[in-house]
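If you're wondering where the values come from, they're calculated on a predicted model, not measured in any experiment. In what follows, chains are A, B, ... by sequence order, proteins preceding strands, each numbered from 1. Computed over heavy atoms, backbone and side chain alike; hydrogens, waters and symmetry mates excluded.
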4 protein chains.
Amino acid sequence: MKEFGELFQSADWKQEKHSPVIDGPDSVKKGDFANYSVSVGKEIPHPNTTEHHIRWIEIYFLPEGAKFPFQVARFDYTAHGESTEGANQGPVYTSPYSCFTVKLEKPGVFYATSYCNIHGLWKSEKAISLHD
Amino acid sequence: MKEFGELFQSADWKQEKHSPVIDGPDSVKKGDFANYSVSVGKEIPHPNTTEHHIRWIEIYFLPEGAKFPFQVARFDYTAHGESTEGANQGPVYTSPYSCFTVKLEKPGVFYATSYCNIHGLWKSEKAISLHD
Amino acid sequence: MKEFGELFQSADWKQEKHSPVIDGPDSVKKGDFANYSVSVGKEIPHPNTTEHHIRWIEIYFLPEGAKFPFQVARFDYTAHGESTEGANQGPVYTSPYSCFTVKLEKPGVFYATSYCNIHGLWKSEKAISLHD
Amino acid sequence: MKEFGELFQSADWKQEKHSPVIDGPDSVKKGDFANYSVSVGKEIPHPNTTEHHIRWIEIYFLPEGAKFPFQVARFDYTAHGESTEGANQGPVYTSPYSCFTVKLEKPGVFYATSYCNIHGLWKSEKAISLHD
Ligand SMILES: [Fe+3]
Ligand SMILES: [Fe+3]
Ligand SMILES: [Fe+3]
Ligand SMILES: [Fe+3]
(Lines give C-alpha, C1' and ligand atoms only; values in the text may rest on other atoms or scores of the structure.)
(Ligands and ions follow the chains in the order given, each with its own letter.)
Protein backbone atom coordinates (compact mmCIF):
# COMPACT_ATOMS: atom_id res chain seq x y z
CA MET A 1 0.00 0.00 0.00
CA LYS A 2 1.39 3.41 -0.99
CA GLU A 3 1.98 6.07 1.67
CA PHE A 4 -0.23 9.15 1.24
CA GLY A 5 2.85 11.37 0.86
CA GLU A 6 3.93 9.36 -2.19
CA LEU A 7 0.79 10.43 -4.06
CA PHE A 8 2.09 13.99 -4.59
CA GLN A 9 3.79 14.28 -7.95
CA SER A 10 6.36 16.91 -8.85
CA ALA A 11 8.06 17.99 -12.08
CA ASP A 12 9.69 20.98 -13.72
CA TRP A 13 6.87 23.51 -14.21
CA LYS A 14 8.41 24.61 -17.51
CA GLN A 15 7.67 21.20 -18.94
CA GLU A 16 4.73 19.95 -16.87
CA LYS A 17 1.38 21.74 -16.91
CA HIS A 18 0.29 20.41 -13.50
CA SER A 19 3.15 21.73 -11.36
CA PRO A 20 2.24 24.61 -9.05
CA VAL A 21 4.71 27.52 -9.07
CA ILE A 22 5.17 29.96 -6.18
CA ASP A 23 6.40 33.38 -7.30
CA GLY A 24 7.64 36.13 -4.98
CA PRO A 25 10.62 37.26 -2.93
CA ASP A 26 13.19 34.74 -1.61
CA SER A 27 13.82 37.01 1.36
CA VAL A 28 11.30 39.14 3.22
CA LYS A 29 11.41 41.54 6.15
CA LYS A 30 10.49 39.87 9.43
CA GLY A 31 6.98 40.86 10.56
CA ASP A 32 6.16 42.80 7.38
CA PHE A 33 3.52 41.77 4.86
CA ALA A 34 4.87 40.26 1.65
CA ASN A 35 3.07 39.39 -1.58
CA TYR A 36 3.28 36.06 -3.40
CA SER A 37 1.43 34.41 -6.22
CA VAL A 38 0.88 30.77 -7.09
CA SER A 39 -0.30 29.23 -10.32
CA VAL A 40 -0.67 25.97 -12.19
CA GLY A 41 0.10 25.89 -15.90
CA LYS A 42 2.31 28.99 -15.85
CA GLU A 43 4.30 27.93 -18.93
CA ILE A 44 2.00 25.33 -20.49
CA PRO A 45 -1.68 26.13 -19.78
CA HIS A 46 -3.69 23.31 -18.24
CA PRO A 47 -7.10 22.57 -19.81
CA ASN A 48 -10.08 24.23 -18.12
CA THR A 49 -13.18 22.25 -19.02
CA THR A 50 -16.13 20.86 -17.10
CA GLU A 51 -14.57 17.39 -17.32
CA HIS A 52 -10.91 18.29 -16.67
CA HIS A 53 -9.59 21.21 -14.64
CA ILE A 54 -7.53 22.37 -11.68
CA ARG A 55 -9.78 22.26 -8.63
CA TRP A 56 -7.61 23.90 -5.96
CA ILE A 57 -4.20 25.09 -4.77
CA GLU A 58 -3.12 25.08 -1.11
CA ILE A 59 -0.20 26.82 0.59
CA TYR A 60 1.59 25.53 3.71
CA PHE A 61 4.51 26.97 5.68
CA LEU A 62 7.07 24.95 7.62
CA PRO A 63 9.15 27.21 9.90
CA GLU A 64 12.86 26.38 9.95
CA GLY A 65 13.56 23.73 12.54
CA ALA A 66 9.87 23.23 13.32
CA LYS A 67 8.08 19.91 13.47
CA PHE A 68 4.59 21.04 12.39
CA PRO A 69 3.58 22.89 9.22
CA PHE A 70 0.89 25.60 9.17
CA GLN A 71 -1.72 25.88 6.47
CA VAL A 72 -1.52 29.39 5.04
CA ALA A 73 -4.31 29.44 2.46
CA ARG A 74 -6.55 27.37 0.24
CA PHE A 75 -7.82 28.53 -3.16
CA ASP A 76 -10.76 26.72 -4.76
CA TYR A 77 -11.40 27.26 -8.49
CA THR A 78 -15.03 26.37 -8.92
CA ALA A 79 -16.29 27.55 -12.34
CA HIS A 80 -15.37 25.43 -15.35
CA GLY A 81 -18.02 26.03 -17.97
CA GLU A 82 -20.73 23.89 -16.37
CA SER A 83 -24.23 24.86 -17.43
CA THR A 84 -27.84 23.74 -17.59
CA GLU A 85 -27.24 23.69 -21.34
CA GLY A 86 -24.51 21.07 -20.97
CA ALA A 87 -20.80 20.78 -20.27
CA ASN A 88 -18.61 23.66 -21.44
CA GLN A 89 -21.58 25.80 -22.43
CA GLY A 90 -21.44 27.89 -19.26
CA PRO A 91 -20.68 31.62 -18.93
CA VAL A 92 -17.69 31.53 -16.56
CA TYR A 93 -14.30 29.83 -16.15
CA THR A 94 -11.82 30.37 -13.28
CA SER A 95 -8.08 30.03 -13.85
CA PRO A 96 -5.71 28.40 -11.32
CA TYR A 97 -3.87 31.60 -10.47
CA SER A 98 -3.98 33.18 -7.00
CA CYS A 99 -2.05 35.63 -4.89
CA PHE A 100 -1.49 35.65 -1.16
CA THR A 101 -0.20 38.14 1.37
CA VAL A 102 1.60 36.83 4.44
CA LYS A 103 3.48 38.10 7.44
CA LEU A 104 6.32 35.81 8.59
CA GLU A 105 8.05 35.85 11.97
CA LYS A 106 10.45 33.03 11.09
CA PRO A 107 12.26 31.79 7.98
CA GLY A 108 11.06 28.52 6.47
CA VAL A 109 9.61 26.84 3.42
CA PHE A 110 6.37 27.44 1.51
CA TYR A 111 4.82 24.32 0.03
CA ALA A 112 2.21 24.58 -2.74
CA THR A 113 -0.05 21.62 -3.44
CA SER A 114 -2.62 21.38 -6.20
CA TYR A 115 -5.26 19.00 -7.50
CA CYS A 116 -6.33 18.19 -11.05
CA ASN A 117 -9.69 16.41 -10.98
CA ILE A 118 -8.31 13.58 -13.15
CA HIS A 119 -4.50 13.79 -12.77
CA GLY A 120 -4.31 13.91 -8.98
CA LEU A 121 -2.07 15.70 -6.50
CA TRP A 122 1.00 17.84 -7.28
CA LYS A 123 3.46 19.84 -5.20
CA SER A 124 6.33 22.29 -5.21
CA GLU A 125 8.17 24.34 -2.62
CA LYS A 126 10.10 27.58 -2.12
CA ALA A 127 12.47 28.49 0.73
CA ILE A 128 12.08 31.92 2.35
CA SER A 129 14.73 33.69 4.41
CA LEU A 130 14.15 36.74 6.64
CA HIS A 131 16.02 40.02 6.97
CA ASP A 132 15.62 42.97 9.37
CA MET B 1 -37.09 33.26 12.16
CA LYS B 2 -34.68 35.22 9.95
CA GLU B 3 -34.15 34.18 6.35
CA PHE B 4 -30.58 33.04 5.63
CA GLY B 5 -30.16 35.80 3.04
CA GLU B 6 -30.82 38.43 5.72
CA LEU B 7 -27.68 37.34 7.59
CA PHE B 8 -25.36 38.97 5.05
CA GLN B 9 -24.40 42.46 6.14
CA SER B 10 -23.19 45.21 3.84
CA ALA B 11 -21.70 48.65 4.35
CA ASP B 12 -19.46 51.19 2.68
CA TRP B 13 -15.99 49.59 2.64
CA LYS B 14 -14.38 52.97 3.25
CA GLN B 15 -15.99 53.04 6.68
CA GLU B 16 -16.51 49.38 7.54
CA LYS B 17 -13.54 47.02 7.92
CA HIS B 18 -15.60 43.87 7.18
CA SER B 19 -16.91 44.77 3.72
CA PRO B 20 -15.35 42.84 0.85
CA VAL B 21 -14.28 44.95 -2.14
CA ILE B 22 -13.94 43.64 -5.70
CA ASP B 23 -11.42 45.59 -7.78
CA GLY B 24 -10.97 45.27 -11.54
CA PRO B 25 -12.42 46.29 -14.90
CA ASP B 26 -16.12 47.17 -15.22
CA SER B 27 -16.06 45.92 -18.80
CA VAL B 28 -14.10 42.98 -20.18
CA LYS B 29 -13.67 41.37 -23.57
CA LYS B 30 -15.99 38.42 -24.09
CA GLY B 31 -14.11 35.11 -23.84
CA ASP B 32 -10.80 36.70 -22.76
CA PHE B 33 -9.20 36.24 -19.37
CA ALA B 34 -9.53 39.22 -17.03
CA ASN B 35 -7.89 39.86 -13.66
CA TYR B 36 -9.68 40.92 -10.50
CA SER B 37 -8.80 41.21 -6.84
CA VAL B 38 -10.92 41.05 -3.73
CA SER B 39 -10.07 42.10 -0.20
CA VAL B 40 -11.53 42.77 3.21
CA GLY B 41 -10.26 45.73 5.19
CA LYS B 42 -8.97 47.64 2.17
CA GLU B 43 -9.31 51.04 3.84
CA ILE B 44 -9.49 50.09 7.52
CA PRO B 45 -7.49 46.92 8.23
CA HIS B 46 -9.39 44.18 10.01
CA PRO B 47 -7.64 42.53 13.00
CA ASN B 48 -5.76 39.32 12.25
CA THR B 49 -5.40 37.39 15.48
CA THR B 50 -5.95 33.78 16.54
CA GLU B 51 -9.21 34.85 18.21
CA HIS B 52 -10.53 37.26 15.58
CA HIS B 53 -9.85 37.19 11.84
CA ILE B 54 -11.28 36.94 8.34
CA ARG B 55 -11.70 33.26 7.55
CA TRP B 56 -12.65 33.30 3.87
CA ILE B 57 -13.91 35.23 0.83
CA GLU B 58 -16.07 33.68 -1.90
CA ILE B 59 -16.90 34.94 -5.40
CA TYR B 60 -20.12 34.18 -7.30
CA PHE B 61 -21.28 35.24 -10.76
CA LEU B 62 -24.89 35.75 -11.81
CA PRO B 63 -25.18 36.06 -15.59
CA GLU B 64 -27.57 38.78 -16.78
CA GLY B 65 -31.08 37.42 -16.96
CA ALA B 66 -30.10 34.07 -15.47
CA LYS B 67 -31.83 32.34 -12.61
CA PHE B 68 -28.86 30.49 -11.09
CA PRO B 69 -25.55 31.91 -9.88
CA PHE B 70 -22.22 30.13 -10.39
CA GLN B 71 -19.56 29.91 -7.71
CA VAL B 72 -16.34 31.29 -9.19
CA ALA B 73 -13.82 30.83 -6.38
CA ARG B 74 -13.33 30.40 -2.66
CA PHE B 75 -10.32 31.72 -0.74
CA ASP B 76 -9.59 30.37 2.74
CA TYR B 77 -7.21 32.33 4.97
CA THR B 78 -5.97 29.78 7.44
CA ALA B 79 -2.95 31.14 9.37
CA HIS B 80 -3.62 33.62 12.16
CA GLY B 81 -0.74 33.33 14.60
CA GLU B 82 -1.82 30.08 16.21
CA SER B 83 1.04 28.17 17.83
CA THR B 84 1.95 25.43 20.29
CA GLU B 85 3.33 28.32 22.37
CA GLY B 86 -0.11 29.95 22.58
CA ALA B 87 -2.38 32.28 20.65
CA ASN B 88 -0.69 34.95 18.53
CA GLN B 89 2.79 33.50 19.09
CA GLY B 90 2.88 31.73 15.74
CA PRO B 91 5.18 32.41 12.78
CA VAL B 92 2.64 33.13 10.02
CA TYR B 93 -0.42 35.30 9.33
CA THR B 94 -2.48 35.37 6.09
CA SER B 95 -4.23 38.55 4.96
CA PRO B 96 -7.71 38.58 3.39
CA TYR B 97 -6.53 39.68 -0.02
CA SER B 98 -6.86 37.50 -3.13
CA CYS B 99 -6.85 37.80 -6.88
CA PHE B 100 -8.78 35.82 -9.43
CA THR B 101 -8.64 35.37 -13.20
CA VAL B 102 -11.87 34.65 -15.04
CA LYS B 103 -13.16 34.24 -18.56
CA LEU B 104 -16.72 35.46 -19.08
CA GLU B 105 -19.05 34.60 -21.95
CA LYS B 106 -21.92 36.76 -20.68
CA PRO B 107 -22.30 40.04 -18.79
CA GLY B 108 -23.52 39.84 -15.21
CA VAL B 109 -22.73 40.56 -11.59
CA PHE B 110 -19.90 39.39 -9.35
CA TYR B 111 -20.88 38.91 -5.71
CA ALA B 112 -18.21 38.74 -3.00
CA THR B 113 -19.07 37.23 0.37
CA SER B 114 -16.79 37.04 3.38
CA TYR B 115 -16.79 35.69 6.91
CA CYS B 116 -15.29 37.11 10.10
CA ASN B 117 -15.12 34.35 12.73
CA ILE B 118 -16.92 36.57 15.27
CA HIS B 119 -18.70 39.23 13.17
CA GLY B 120 -20.44 36.95 10.69
CA LEU B 121 -21.24 37.18 6.98
CA TRP B 122 -20.70 40.19 4.69
CA LYS B 123 -21.27 40.89 1.02
CA SER B 124 -20.75 43.29 -1.86
CA GLU B 125 -21.22 43.16 -5.62
CA LYS B 126 -19.89 44.56 -8.89
CA ALA B 127 -21.61 44.60 -12.30
CA ILE B 128 -19.56 43.53 -15.33
CA SER B 129 -20.39 44.38 -18.95
CA LEU B 130 -18.82 42.75 -22.01
CA HIS B 131 -17.36 44.20 -25.17
CA ASP B 132 -16.00 42.57 -28.35
CA MET C 1 -29.39 44.27 -9.37
CA LYS C 2 -30.43 41.34 -7.16
CA GLU C 3 -29.26 41.18 -3.55
CA PHE C 4 -26.97 38.21 -2.84
CA GLY C 5 -29.41 36.88 -0.25
CA GLU C 6 -32.11 36.60 -2.93
CA LEU C 7 -30.02 34.03 -4.80
CA PHE C 8 -30.75 31.28 -2.26
CA GLN C 9 -33.72 29.20 -3.36
CA SER C 10 -35.91 27.13 -1.06
CA ALA C 11 -38.64 24.55 -1.56
CA ASP C 12 -40.26 21.58 0.10
CA TRP C 13 -37.56 18.87 0.14
CA LYS C 14 -40.20 16.20 -0.48
CA GLN C 15 -40.82 17.70 -3.89
CA GLU C 16 -37.56 19.42 -4.77
CA LYS C 17 -34.33 17.45 -5.16
CA HIS C 18 -32.07 20.45 -4.42
CA SER C 19 -33.35 21.36 -0.96
CA PRO C 20 -30.98 20.56 1.92
CA VAL C 21 -32.61 18.83 4.90
CA ILE C 22 -31.26 18.95 8.46
CA ASP C 23 -32.24 15.91 10.54
CA GLY C 24 -31.77 15.59 14.28
CA PRO C 25 -33.21 16.61 17.64
CA ASP C 26 -35.31 19.79 17.98
CA SER C 27 -34.11 20.14 21.56
CA VAL C 28 -30.67 19.30 22.94
CA LYS C 29 -29.01 19.43 26.33
CA LYS C 30 -27.01 22.62 26.84
CA GLY C 31 -23.27 21.97 26.60
CA ASP C 32 -23.63 18.33 25.51
CA PHE C 33 -22.67 16.99 22.11
CA ALA C 34 -25.58 16.28 19.78
CA ASN C 35 -25.63 14.53 16.40
CA TYR C 36 -27.25 15.86 13.24
CA SER C 37 -27.22 14.94 9.59
CA VAL C 38 -27.78 16.99 6.47
CA SER C 39 -28.50 15.84 2.96
CA VAL C 40 -29.62 16.99 -0.45
CA GLY C 41 -31.99 14.79 -2.43
CA LYS C 42 -33.34 12.93 0.58
CA GLU C 43 -36.66 12.10 -1.08
CA ILE C 44 -35.84 12.59 -4.76
CA PRO C 45 -32.17 11.79 -5.47
CA HIS C 46 -30.23 14.51 -7.25
CA PRO C 47 -28.10 13.43 -10.25
CA ASN C 48 -24.45 12.75 -9.50
CA THR C 49 -22.50 13.08 -12.74
CA THR C 50 -19.31 14.81 -13.79
CA GLU C 51 -21.41 17.53 -15.45
CA HIS C 52 -24.12 17.95 -12.82
CA HIS C 53 -23.83 17.32 -9.08
CA ILE C 54 -24.06 18.75 -5.58
CA ARG C 55 -20.74 20.40 -4.79
CA TRP C 56 -21.11 21.27 -1.11
CA ILE C 57 -23.34 21.79 1.93
CA GLU C 58 -22.62 24.34 4.66
CA ILE C 59 -24.08 24.68 8.16
CA TYR C 60 -24.47 27.97 10.06
CA PHE C 61 -25.83 28.70 13.52
CA LEU C 62 -27.55 31.91 14.58
CA PRO C 63 -27.93 32.08 18.37
CA GLU C 64 -31.29 33.40 19.55
CA GLY C 65 -31.23 37.18 19.76
CA ALA C 66 -27.73 37.39 18.24
CA LYS C 67 -26.70 39.61 15.38
CA PHE C 68 -23.96 37.44 13.85
CA PRO C 69 -24.17 33.84 12.65
CA PHE C 70 -21.36 31.32 13.15
CA GLN C 71 -20.25 28.91 10.47
CA VAL C 72 -20.46 25.40 11.95
CA ALA C 73 -19.17 23.19 9.14
CA ARG C 74 -18.60 22.89 5.42
CA PHE C 75 -18.82 19.62 3.50
CA ASP C 76 -17.30 19.38 0.01
CA TYR C 77 -18.35 16.48 -2.23
CA THR C 78 -15.52 16.19 -4.71
CA ALA C 79 -15.78 12.88 -6.62
CA HIS C 80 -18.33 12.68 -9.42
CA GLY C 81 -17.10 10.07 -11.86
CA GLU C 82 -14.42 12.19 -13.47
CA SER C 83 -11.65 10.16 -15.09
CA THR C 84 -8.78 10.24 -17.55
CA GLU C 85 -11.02 7.96 -19.63
CA GLY C 86 -13.71 10.64 -19.84
CA ALA C 87 -16.68 12.00 -17.91
CA ASN C 88 -18.62 9.48 -15.79
CA GLN C 89 -16.06 6.71 -16.38
CA GLY C 90 -14.36 7.21 -13.02
CA PRO C 91 -14.23 4.82 -10.06
CA VAL C 92 -15.75 6.96 -7.29
CA TYR C 93 -18.84 9.10 -6.60
CA THR C 94 -19.59 10.99 -3.36
CA SER C 95 -23.18 11.56 -2.22
CA PRO C 96 -24.40 14.82 -0.65
CA TYR C 97 -25.02 13.32 2.77
CA SER C 98 -23.08 14.38 5.88
CA CYS C 99 -23.36 14.26 9.63
CA PHE C 100 -22.14 16.75 12.19
CA THR C 101 -21.66 16.77 15.94
CA VAL C 102 -22.07 20.04 17.79
CA LYS C 103 -22.12 21.39 21.32
CA LEU C 104 -24.49 24.33 21.84
CA GLU C 105 -24.46 26.80 24.71
CA LYS C 106 -27.47 28.77 23.44
CA PRO C 107 -30.69 28.00 21.56
CA GLY C 108 -30.93 29.23 17.99
CA VAL C 109 -31.33 28.25 14.35
CA PHE C 110 -29.27 26.00 12.11
CA TYR C 111 -29.16 27.07 8.47
CA ALA C 112 -28.10 24.64 5.77
CA THR C 113 -26.97 25.97 2.40
CA SER C 114 -26.03 23.90 -0.62
CA TYR C 115 -24.76 24.34 -4.14
CA CYS C 116 -25.58 22.47 -7.35
CA ASN C 117 -22.94 23.24 -9.97
CA ILE C 118 -25.64 24.19 -12.51
CA HIS C 119 -28.75 24.97 -10.41
CA GLY C 120 -27.18 27.36 -7.93
CA LEU C 121 -27.68 28.03 -4.22
CA TRP C 122 -30.32 26.49 -1.92
CA LYS C 123 -31.15 26.79 1.76
CA SER C 124 -33.23 25.48 4.63
CA GLU C 125 -33.28 25.95 8.40
CA LYS C 126 -34.14 24.22 11.66
CA ALA C 127 -34.76 25.82 15.07
CA ILE C 128 -33.05 24.25 18.10
CA SER C 129 -34.12 24.74 21.71
CA LEU C 130 -32.05 23.81 24.78
CA HIS C 131 -32.92 21.93 27.94
CA ASP C 132 -30.92 21.20 31.11
CA MET D 1 14.51 20.67 2.69
CA LYS D 2 11.80 18.22 3.69
CA GLU D 3 9.49 16.75 1.05
CA PHE D 4 5.84 17.79 1.48
CA GLY D 5 4.80 14.15 1.85
CA GLU D 6 7.06 13.81 4.90
CA LEU D 7 4.97 16.40 6.77
CA PHE D 8 2.09 13.97 7.30
CA GLN D 9 2.38 12.26 10.66
CA SER D 10 0.79 8.94 11.57
CA ALA D 11 0.35 6.99 14.78
CA ASP D 12 -1.91 4.42 16.42
CA TRP D 13 -5.23 6.22 16.93
CA LYS D 14 -5.76 4.39 20.22
CA GLN D 15 -2.78 6.24 21.64
CA GLU D 16 -2.60 9.43 19.58
CA LYS D 17 -5.44 11.99 19.63
CA HIS D 18 -4.55 13.46 16.21
CA SER D 19 -4.83 10.33 14.08
CA PRO D 20 -7.85 10.20 11.76
CA VAL D 21 -9.75 6.90 11.78
CA ILE D 22 -11.90 5.64 8.90
CA ASP D 23 -14.69 3.31 10.02
CA GLY D 24 -16.86 1.22 7.70
CA PRO D 25 -16.92 -1.96 5.64
CA ASP D 26 -13.68 -3.52 4.32
CA SER D 27 -15.59 -4.88 1.36
CA VAL D 28 -18.47 -3.23 -0.51
CA LYS D 29 -20.67 -4.15 -3.44
CA LYS D 30 -19.43 -2.70 -6.72
CA GLY D 31 -21.55 0.26 -7.83
CA ASP D 32 -23.66 0.37 -4.65
CA PHE D 33 -23.58 3.18 -2.12
CA ALA D 34 -21.70 2.42 1.09
CA ASN D 35 -21.48 4.43 4.31
CA TYR D 36 -18.28 5.34 6.12
CA SER D 37 -17.35 7.64 8.96
CA VAL D 38 -14.11 9.39 9.81
CA SER D 39 -13.06 11.02 13.04
CA VAL D 40 -10.11 12.47 14.90
CA GLY D 41 -9.77 11.78 18.62
CA LYS D 42 -11.93 8.65 18.57
CA GLU D 43 -10.25 7.13 21.63
CA ILE D 44 -8.60 10.17 23.21
CA PRO D 45 -10.59 13.36 22.50
CA HIS D 46 -8.63 16.21 20.97
CA PRO D 47 -9.09 19.68 22.53
CA ASN D 48 -11.66 21.90 20.86
CA THR D 49 -10.85 25.51 21.76
CA THR D 50 -10.55 28.75 19.84
CA GLU D 51 -6.75 28.44 20.08
CA HIS D 52 -6.36 24.72 19.41
CA HIS D 53 -8.66 22.48 17.38
CA ILE D 54 -9.05 20.15 14.42
CA ARG D 55 -9.73 22.31 11.37
CA TRP D 56 -10.53 19.72 8.70
CA ILE D 57 -10.49 16.11 7.50
CA GLU D 58 -10.13 15.10 3.85
CA ILE D 59 -10.77 11.76 2.14
CA TYR D 60 -8.95 10.51 -0.99
CA PHE D 61 -9.32 7.29 -2.96
CA LEU D 62 -6.56 5.57 -4.92
CA PRO D 63 -7.98 2.84 -7.18
CA GLU D 64 -5.94 -0.36 -7.24
CA GLY D 65 -3.19 -0.13 -9.84
CA ALA D 66 -3.98 3.52 -10.62
CA LYS D 67 -1.48 6.34 -10.77
CA PHE D 68 -3.73 9.22 -9.67
CA PRO D 69 -5.80 9.56 -6.50
CA PHE D 70 -9.26 11.16 -6.45
CA GLN D 71 -10.41 13.52 -3.74
CA VAL D 72 -13.64 12.11 -2.31
CA ALA D 73 -14.64 14.74 0.27
CA ARG D 74 -13.44 17.55 2.50
CA PHE D 75 -14.96 18.34 5.90
CA ASP D 76 -14.26 21.73 7.50
CA TYR D 77 -14.97 22.15 11.22
CA THR D 78 -15.38 25.85 11.67
CA ALA D 79 -16.91 26.63 15.09
CA HIS D 80 -14.60 26.47 18.09
CA GLY D 81 -16.04 28.78 20.72
CA GLU D 82 -14.97 32.04 19.13
CA SER D 83 -17.08 35.01 20.19
CA THR D 84 -17.24 38.79 20.35
CA GLU D 85 -16.98 38.24 24.11
CA GLY D 86 -13.60 36.55 23.72
CA ALA D 87 -12.05 33.16 23.01
CA ASN D 88 -14.02 30.12 24.19
CA GLN D 89 -17.05 32.21 25.17
CA GLY D 90 -18.99 31.36 22.02
CA PRO D 91 -22.21 29.35 21.69
CA VAL D 92 -21.12 26.59 19.31
CA TYR D 93 -18.37 23.98 18.90
CA THR D 94 -18.03 21.47 16.02
CA SER D 95 -16.45 18.05 16.58
CA PRO D 96 -14.11 16.39 14.06
CA TYR D 97 -16.49 13.58 13.21
CA SER D 98 -18.02 13.13 9.73
CA CYS D 99 -19.68 10.48 7.63
CA PHE D 100 -19.52 9.98 3.90
CA THR D 101 -21.42 7.91 1.36
CA VAL D 102 -19.58 6.67 -1.71
CA LYS D 103 -20.14 4.48 -4.71
CA LEU D 104 -17.04 2.58 -5.87
CA GLU D 105 -16.47 0.94 -9.24
CA LYS D 106 -13.00 -0.35 -8.38
CA PRO D 107 -11.22 -1.65 -5.28
CA GLY D 108 -8.57 0.59 -3.76
CA VAL D 109 -7.46 2.53 -0.71
CA PHE D 110 -9.13 5.37 1.20
CA TYR D 111 -6.72 7.89 2.70
CA ALA D 112 -7.84 10.24 5.46
CA THR D 113 -5.83 13.37 6.16
CA SER D 114 -6.47 15.88 8.93
CA TYR D 115 -5.12 19.16 10.23
CA CYS D 116 -4.72 20.45 13.78
CA ASN D 117 -4.18 24.20 13.70
CA ILE D 118 -1.05 23.87 15.88
CA HIS D 119 0.03 20.22 15.50
CA GLY D 120 -0.01 20.00 11.70
CA LEU D 121 -0.93 17.30 9.22
CA TRP D 122 -1.91 13.68 9.99
CA LYS D 123 -2.96 10.68 7.92
CA SER D 124 -4.29 7.16 7.93
CA GLU D 125 -5.61 4.73 5.33
CA LYS D 126 -8.00 1.83 4.83
CA ALA D 127 -8.05 -0.72 1.97
CA ILE D 128 -11.40 -1.53 0.35
CA SER D 129 -12.16 -4.61 -1.70
CA LEU D 130 -15.22 -5.10 -3.92
CA HIS D 131 -17.68 -7.96 -4.26
CA ASP D 132 -20.59 -8.57 -6.64
FE1 LIG E 1 -4.91 17.52 -15.66
FE1 LIG F 1 -14.38 41.09 12.73
FE1 LIG G 1 -29.04 20.25 -9.96
FE1 LIG H 1 -3.61 19.32 18.40
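Side chain of A/T94 to backbone of B/A73: no donor-acceptor contact under 3.5 angstrom is found. When atom types are taken as modelled, the side chain of B/T78 and the backbone of A/V72 share a donor-acceptor pair closer than 3.5 angstrom.
Both the backbone and the side chain of B/F75 come within less than 4.5 Å of a heavy atom of chain A. Contacts of A/Y97 with chain B are made by both backbone and side-chain atoms, with heavy-atom separations under 4.5 Å. Residue B/F61 touches chain A through its side chain alone, counting heavy-atom pairs closer than 4.5 Å.
Heavy atoms only, all atoms of each residue included: B/S98 and A/C99 are closest at C-SG, 3.6 Å.
One distance of note links OG of A/S83 with CD of B/E105; it measures 11.0 Å at 0.5 Å rounding. Between atom OH of residue B/Y77 and atom CD1 of residue A/I59 there is a gap of 12.5 Å, rounded to the nearest 0.5 Å. A distance of 10.0 Å separates CD of A/E82 from CD of B/Q71, quoted to the nearest 0.5 Å.
With chain A as partner, the option from B/G90, B/P91, B/S37 having the largest number of non-hydrogen pairs under 4.5 angstrom is B/P91.
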Just do the side-chain contact (heavy atoms from CB on, under 4.5 Å) check on B/F68 and A/T84 with the steps written out, would you? CA-CA 9 Å; B/F68 308 126; A/T84 53; 4.2 Å; yes

